[in-house]
Student: 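Here it is: the structure, laid out below.
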Amino acid sequence: MKNNVYLCQFNNKYGNNVFLPYSVGLIQGYCQTNDEINKNFDFKEFLYLREDVDEVADGLIEPKVMGISCYIWNWEHSKALARSVKARHPDCLIVMGGPQVPLRSKNFFSENPTVDLLVHFEGEISFSEILLESLKPSPDYTKIEGLSVKLDENTCEKTPDRARLVDLEIIPSPYTSGMFDEMLIGPYRLNANQETHRGCPYSCTFCDWGSAVFSKIRRFSDERLEEEFEWFGRNNIEFIYNCDANYGLLPRDYALTEKLAATKRKYGYPKQFRACYAKNSNKKIFEIAKVLNSAGLNKGVTLSMQSMDAHTLDVIKRSNIKVTDLENLIKLYREESITTYTELIMGLPGETYDSFLDGTDELLRVGQHDALNVYHCTVLPNSEMANPEYVEEHGLEIVRQPVHLHHSSPFTDEIVEYNDITIGTKTLPKEDWKRTYLFSWAVQSMHSLCLTQYVAIFFHYEFGVSYRTFYESFVEFAKNSKHTLLNEQFDFVSKLVDKTMAGGSWDVVIPKFGEIVWPTEEATFLNVICEKEQFYGEIRQFVGQ
């Protein structure tokens, strides 16, 4: 009789859209290339939806091994499932992997005694070796590279790092191998992840992507990727999220994009494509964007900056393209009617209130009016920024908050997911962090969403009013204009910020717009646009001061 293996990768629903469990599909695909594993193990159906963990555990049939792929959005749910499974099936080997499992795992097993093994970095080979070792009468998992192994309730052993895969083609595609075919007939519209390569040559301190282990690029073959495109189109996959750290970095990426566009023209699918584009955007990315845009696949092109301050960039080990190059690129994209967006991270070490606002002003001055997205500085557990020495050096004040997943359906279970964000640094005290957030809220809701964009541009060019001055003044007006729509929105956001700085949730749900989690700037847009005449009457008062 074969041993049962369950692989889990839990995702949130976005309306009726769900992601296929790509990561564990890769693991199963590789394991099934081994005859010994096929002879001794039966892989059961994937567990990929957030459902009641006790009901899931009750439904398992004599599980021998459970592998769980973990990231921010499913970490607490995954640990809760491990507890529930262990309570009902104490002999089941619980294995966790993925970016969220801590490399610094000293206290992990004492805090999570129902987990047996952690897999670090790439998991395909490690998990296959775990299965084979589990067949032995007295398995010794410390012989396997790339693991943290629980020895007892208080001690663990971290084995040597596993060398990276050089030939990624030894891992079958979970798409073209038919692994997900049964899921195609389910009730959901399906989204898919895809890698064209692994690795990142950069080493930004806020990221866990480009560690020394993963600085070199390893690529999947063109043939494999083109076959996956065909599978996406033929099976009506709605949305492709490219998982590369730097799509467009490799010379072949333009030709791959043309193949994807041809698939869209042939089948009408996929509908949309989203990627993290190469950090230092250039003409090559522009040409890729033109192909995507002409095929109706473009979800926006990142002209990523993170910070405009030279000192901050040095602290986070980041380099940006020149501002003049950015300005020229923005003009190119606008001439082709291609949407771009620029990302800034609020709360980075080294940044000040003034440097952040001046950087925002500079981006608007060079023409980035399409979309300026400001993100919180999230401290990922395996990033350099999470090192205690780094935290102390830069005076990071970190708060744990419920994770904010824009446009997802609200969690329907009682298990809340969390992330850690900075709300203060040596250079940005907490009170300045809040002021920075309120300014960012004003720019994103009013300018990026076009409520006051043309007004601000007019005042800039006709009267020399800087964008910083315009939106700082707007915040003050909204704060002090009691009994107005703008003051109502300001008060709501200000109180929300206070709540989140104490560990509360950012989630905003507006029932008349559906059961959808909105970011604050979009919630503000929706609220004021419903009172358009009153809103613009108040804007007239603001500019007439």
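Note that the structure is a prediction, hence the values are computed from the model and not measured. In what follows, residues are counted from 1 in the order of the sequence shown.
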Student: Working to the nearest 0.5 angstrom, can you tell me the gap between Ser505 OG and Gln401 CD?
Tutor: 8.5 Å

Student: Which label fits Trp73 and Tyr71: parallel for a plane angle under 30°, tilted from 30 to 60°, or perpendicular past 60°?
Tutor: perpendicular

Student: For the atom pair OG1 (Thr500) and CG (Asp507), what is the distance rounded to the nearest 0.5 Å?
Tutor: 11.0 Å

Student: Distance-only, no hydrogens or angles: does the Arg468 side chain make a donor-acceptor pair with backbone N or O of Gly359 under 3.5 Å?
Tutor: no

Student: Quick check: does any side chain N or O of Ser355 sit under 3.5 Å from a backbone N or O of Thr352, one acting as donor and the other as acceptor?
Tutor: yes

Student: Would you find a donor on one side and an acceptor on the other, under 3.5 Å apart, between the side chain of Asn382 and the backbone of Leu103?
Tutor: yes

Student: In the structure I gave you, are the side-chain heavy atoms of Phe127 and Gln28 within less than 4.5 Å of one another anywhere?
Tutor: no

Student: Under the side chain to side chain donor-acceptor pair (under 3.5 Å) rule, what do Trp75 and Glu417 come out as? Steps first, then yes or no, please.
Tutor: CA-CA 7 Å; Trp75 184 229; Glu417 304 294 342; over 6 Å; no

Student: Check whether the ring centres of Tyr22 and Tyr48 lie less than 6.0 Å apart, and answer yes or no.
Tutor: no

Student: Under the side chain to side chain contact (heavy atoms under 4.5 Å, CB included) rule, what do Ile72 and Leu380 come out as? Steps first, then yes or no, please.
Tutor: CA-CA 9 Å; Ile72 290 173; Leu380 299 172; 3.5 Å; yes

Student: If you take the centroid of each ring, where Trp contributes its six-membered ring, are Phe439 and Phe474 closer together than 6.0 Å?
Tutor: no

Student: Any idea how Tyr241 and Phe239 line up, ring-wise: parallel (<30°), tilted (30 to 60°), or perpendicular (>60°)?
Tutor: perpendicular

Student: How many angstroms lie between CD in Glu351 and CD1 in Ile345, if you round to the nearest 0.5 Å?
Tutor: 10.0 Å

Student: For the pair Asp314 (side chain) and Asp309 (backbone), establish whether a donor and an acceptor sit closer than 3.5 Å, ignoring hydrogens and angles.
Tutor: no

Student: Using a strict 4.0 Å threshold on nitrogen-to-oxygen distance, state whether Arg365 and Glu327 make a salt bridge.
Tutor: no

Student: Under the ring pair (Phe, Tyr, Trp, His ring centres under 6.0 Å) rule, what do Tyr437 and Phe356 come out as? Steps first, then yes or no, please.
Tutor: CA-CA 10 Å; Tyr437 182 87; Phe356 189 89; over 10 Å; no

Student: Using a 4.5 Å cut-off on heavy atoms from C-beta on, say whether the side chain of Thr196 contacts that of Arg252.
Tutor: yes

Student: Would you say the side-chain atoms of Thr524 and Trp441 include a donor-acceptor pair closer than 3.5 Å?
Tutor: yes

Student: To check you understand the geometry: which heavy-atom pair defines the closest contact between Asp370 and Thr340, and what is its length?
Tutor: CB-O, 3.3 Å

Student: Does a side chain donor of either Ser304 or Thr302 reach within less than 3.5 Å of an acceptor in the other side chain?
Tutor: no

Student: Between Arg224 and Glu228, is there a salt bridge with N-O shorter than 4.0 Å?
Tutor: yes

Student: Compare every heavy atom of Ile68 with every heavy atom of Ser78, then report the nearest pair and how far apart it is.
Tutor: OG-CG2, 3.4 Å

Student: Which atom pairs, one a donor and one an acceptor, fall under 3.5 Å between side chains of residues 446-458 and the rest of the protein, sequence neighbours left out?
Tutor:
{"from": "His447", "atom 1": "ND1", "to": "Tyr471", "atom 2": "OH", "distance (Å)": "2.7"}
{"from": "His447", "atom 1": "NE2", "to": "His369", "atom 2": "ND1", "distance (Å)": "2.8"}
{"from": "Ser448", "atom 1": "OG", "to": "Leu372", "atom 2": "N", "distance (Å)": "3.3"}
{"from": "Thr452", "atom 1": "OG1", "to": "Met446", "atom 2": "O", "distance (Å)": "3.4"}
{"from": "Thr452", "atom 1": "OG1", "to": "Tyr471", "atom 2": "OH", "distance (Å)": "3.0"}
{"from": "Gln453", "atom 1": "NE2", "to": "His369", "atom 2": "O", "distance (Å)": "3.0"}
{"from": "Gln453", "atom 1": "NE2", "to": "His447", "atom 2": "O", "distance (Å)": "3.0"}

Student: Within 45 degrees of the axis of the six-membered ring of Phe10 and under 6.0 Å from its centre: does Arg50 put its NZ or CZ there?
Tutor: no

Student: Output, in order, the C-alpha distance, side-chain angles, deciding distance and verdict of side chain to side chain contact (heavy atoms under 4.5 Å, CB included) for Val18 and Leu49.
Tutor: CA-CA 8 Å; Val18 297; Leu49 298 175; 3.8 Å; yes

Student: Quick one, Tyr202 with Ser319, criterion side chain to side chain donor-acceptor pair (under 3.5 Å). Give me CA distance, side-chain angles, the key distance, then yes/no.
Tutor: CA-CA 9 Å; Tyr202 305 104; Ser319 62; over 6 Å; no

Student: Quick one: OH on Tyr269 to CZ on Arg189, what's the gap to the nearest 0.5 Å?
Tutor: 8.5 Å

Student: What is the distance from atom CD1 of Ile171 to atom CG of Leu165, rounded to the nearest 0.5 Å?
Tutor: 5.0 Å

Student: Can you tell me how far OG of Ser177 sits from CD of Glu227, rounded to the nearest 0.5 angstrom?
Tutor: 11.0 Å

Student: Taking the six-membered ring for Trp and the full ring for Phe, Tyr or His, determine whether the centres of Phe232 and Tyr175 are under 6.0 Å apart.
Tutor: yes

Student: Phe286 ring centre to Lys284 NZ or CZ under 6.0 Å, with the angle to the axis within 45°?
Tutor: no

Student: In terms of side-chain geometry, is the basic nitrogen of Glu238 or Lys264 positioned less than 4.0 Å from the acidic oxygen of its partner?
Tutor: no

Student: Before we go on, tell me: are the rings of His460 and Tyr467 under 6.0 Å apart, centre to centre?
Tutor: yes

Student: Between Asp208 and Ser383, is there a side-chain donor-acceptor contact under 3.5 Å, judged purely by atom types and distance?
Tutor: no

Student: Tell me if a side-chain donor or acceptor on Trp433 pairs with a main-chain N or O of Thr422 at a distance below 3.5 Å.
Tutor: yes

Student: So which atom in Glu521 and which in Ser445 form the shortest heavy-atom distance, rounded to 0.1 Å?
Tutor: O-CB, 3.5 Å

Student: Determine yes or no for a side-chain-to-main-chain donor-acceptor pair under 3.5 angstrom, with Asn328 supplying the side chain and Thr324 the backbone.
Tutor: yes

Student: Please test Glu169 against Ser221 for side chain to side chain donor-acceptor pair (under 3.5 Å), starting from the C-alpha separation and ending with a verdict.
Tutor: CA-CA 7 Å; Glu169 291 304 301; Ser221 71; 3.2 Å; yes

Student: How about Val24 and Phe46: do any of their side-chain heavy atoms sit closer than 4.5 Å?
Tutor: yes

Student: Salt bridge or not between Lys266 and Glu230? Use side-chain N to carboxylate O under 4.0 Å.
Tutor: yes

Student: Counting only N and O atoms by type, is there a donor-acceptor contact under 3.5 Å from the side chain of Thr312 to the main-chain atoms of Met308?
Tutor: no

Student: With sequence neighbours excluded, what pairs up with Tyr375 under the side-chain contact (heavy atoms from CB on, under 4.5 Å) test?
Tutor: Glu343, Asn373

Student: Go through the steps to decide whether His406 and Glu522 satisfy the test side chain to side chain donor-acceptor pair (under 3.5 Å), and finish with yes or no.
Tutor: CA-CA 10 Å; His406 297 178; Glu522 291 182 12; 5.8 Å; no

Student: Consider only side-chain N and O atoms of Asp244 and Asn242, and report whether a donor and an acceptor are under 3.5 Å apart.
Tutor: yes

Student: For residues Tyr188 and Tyr14, establish whether the separation of their ring centroids is below 6.0 Å.
Tutor: no

Student: Just by distance, with hydrogens left out, do Ser126 and Arg162 show a side-chain donor and acceptor under 3.5 Å apart?
Tutor: yes

Student: Using atom types as modelled and distance alone, determine if a side-chain donor or acceptor of Arg198 lies under 3.5 Å from a backbone N or O of Glu122.
Tutor: no

Student: Can any side-chain N or O of Asn298 pair as donor or acceptor with the backbone N or O of Gly300 at less than 3.5 Å?
Tutor: yes

Student: Give the C-alpha distance, both sets of side-chain angles, the deciding distance and a yes or no for ring pair (Phe, Tyr, Trp, His ring centres under 6.0 Å) between Phe535 and Phe542.
Tutor: CA-CA 11 Å; Phe535 168 72; Phe542 163 58; over 10 Å; no

Student: Would a distance-only check, ignoring hydrogens and angles, find a side-chain to backbone donor-acceptor pair under 3.5 Å from Asn17 to Leu190?
Tutor: no

